[in-house]
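The structure appears right after this line, and notes come after that.
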Amino acid sequence: MGTLTYDSKVTASIDDRILAHLQIVMMAKLRRGESFAFTWSEKSNGLGRTTIWIHSAISLTFQYYGGKSPLINSAWIQALVRSSNSVAGLEIVPEPPATAARPAPEPAV
């Protein structure tokens with residue numbers, strides 16, 4: 001279970017595999033200068049549903065529990081991008097069948 005931290009104040013516990021897919025989508029949008037809403041549910045801690053406005057001027061941290069990069073499903077990336085471009089903003093959508101899976105890119109050191 002990884003952690004997404006926004007503005008050093010808001011944290012979300014998200015499965016490493018899901019987090020890797022979200023990171024790819026979020027970083028691509030931020031590189032293009034696009035701000036967007038991100039909504040997730042955390043029923044396990046009783047908080048329910050949270051929405052934040054993602055903007056490039058605010059720090060965003062992705063921390064992974066596992067040491068291995070998960071395989072990336074390009075069909076899921078496309079589904080998440082469609083979600084991020086909707087009026088509601090980015091939400092975690094169910095993973096579709098993989099068209100081609102590839103390892104997640106390793107971070108530059």
Side-chain angles (χ1 to χ4, degrees):
M1 189 63 71
T3 304
L4 176 126
T5 305
Y6 188 67
D7 197 22
S8 303
K9 298 174 188 148
V10 178
T11 60
S13 296
I14 301 173
D15 176 80
D16 279 0
R17 180 164 167 69
I18 298 169
L19 190 60
H21 286 77
L22 290 172
Q23 180 178 352
I24 291 168
V25 172
M26 289 179 173
M27 299 307 283
K29 291 186 76 66
L30 291 172
R31 273 194 299 275
R32 291 190 299 267
E34 298 175 21
S35 298
F36 56 97
F38 172 50
T39 301
W40 71 94
S41 296
E42 283 195 79
K43 294 180 175 79
S44 62
N45 64 11
L47 292 178
R49 187 173 168 89
T50 303
T51 300
I52 56 176
W53 184 251
I54 303 286
H55 187 275
S56 62
I58 300 173
S59 67
L60 182 60
T61 306
F62 301 87
Q63 289 182 297
Y64 295 89
Y65 177 76
K68 292 186 178 183
S69 298
L71 290 178
I72 298 300
N73 178 345
S74 58
W76 200 6
I77 296 293
Q78 292 173 2
L80 290 165
V81 167
R82 281 191 300 277
S83 169
S84 73
N85 291 329
S86 72
V87 175
L90 179 59
E91 294 187 69
I92 300 170
V93 297
E95 181 174 6
T99 52
R102 60 180 174 82
E106 293 294 327
V109 179

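Fair warning: this is a prediction, and the values are worked out from it, not measured in the lab.
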To the nearest 0.5 angstrom, please state how far the OG atom of Ser56 sits from the CZ atom of Arg31. 12.5 Å
Could you please spell out the steps behind the side chain to side chain contact (heavy atoms under 4.5 Å, CB included) verdict for Gln63 and Leu19? CA-CA 9 Å; Gln63 289 182 297; Leu19 190 60; 5.9 Å; no
I would like to know whether Val93 and Arg82 meet side chain to side chain contact (heavy atoms under 4.5 Å, CB included); could you show each step before the answer? CA-CA 10 Å; Val93 297; Arg82 281 191 300 277; over 6 Å; no
Counting distance only, does the side-chain N/O of Ser83 pair as donor-acceptor with the main-chain N or O of Gly89 below 3.5 Å? yes
Leu80 to Leu90 - nearest heavy-atom pair and separation: O-CD1, 3.4 Å
Looking only at heavy atoms, the pair that brings Ala75 and Pro97 closest together is CB-O, 3.6 Å
Any side-chain heavy atom of Tyr6 sitting closer than 4.5 Å to one from Ser59? no
Closest heavy-atom pair and its distance - Met26, Leu4: SD-CD1, 3.9 Å
I'd like to know if the side chain of Thr39 reaches the main chain of Glu91, judged simply by a donor and an acceptor atom lying under 3.5 Å from each other, with no hydrogens or angles considered. no
From OG1 (Thr5) to CZ (Phe62), nearest 0.5 Å: 9.5 Å
If you measure from the Lys or Arg side-chain nitrogens to the Asp or Glu carboxylate oxygens, is any gap between Asp15 and Arg17 under 4.0 Å? no
What are the two closest heavy atoms between Ser13 and Met1, and how far apart are they? C-SD, 3.7 Å
Same apolar cluster (I L V M F W Y, side chains within < 4.5 Å links), Trp53/Phe38: no
For the residue pair Ser84 and Phe36, what are the closest heavy atoms and their distance? O-CB, 4.4 Å
At what distance, to the nearest 0.5 angstrom, does CG of Leu30 lie from OG of Ser35? 7.0 Å
Indicate the atoms forming the closest heavy-atom contact of Ala88 with Ala37, along with that distance. O-CB, 4.0 Å
Do Ile92 and His21 come close enough that some side-chain heavy atom pair is under 4.5 Å? no
Please say yes or no: joined through hydrophobic side-chain contacts below 4.5 Å, possibly via intermediate residues, are Val81 and Ile72 part of one cluster? yes
Separation between CD1 of Ile58 and OG of Ser8, rounded to the nearest 0.5 Å: 10.5 Å
Tyr65 OH to Asp16 CG distance, which is reported to the nearest 0.5 Å: 9.5 Å
If you measure from CG on Leu60 to CD1 on Ile52, what distance do you get to the nearest 0.5 Å? 7.0 Å
Is there a path of hydrophobic side-chain contacts, each under 4.5 Å between heavy atoms of I/L/V/M/F/W/Y residues, joining Ile14 to Met27? yes
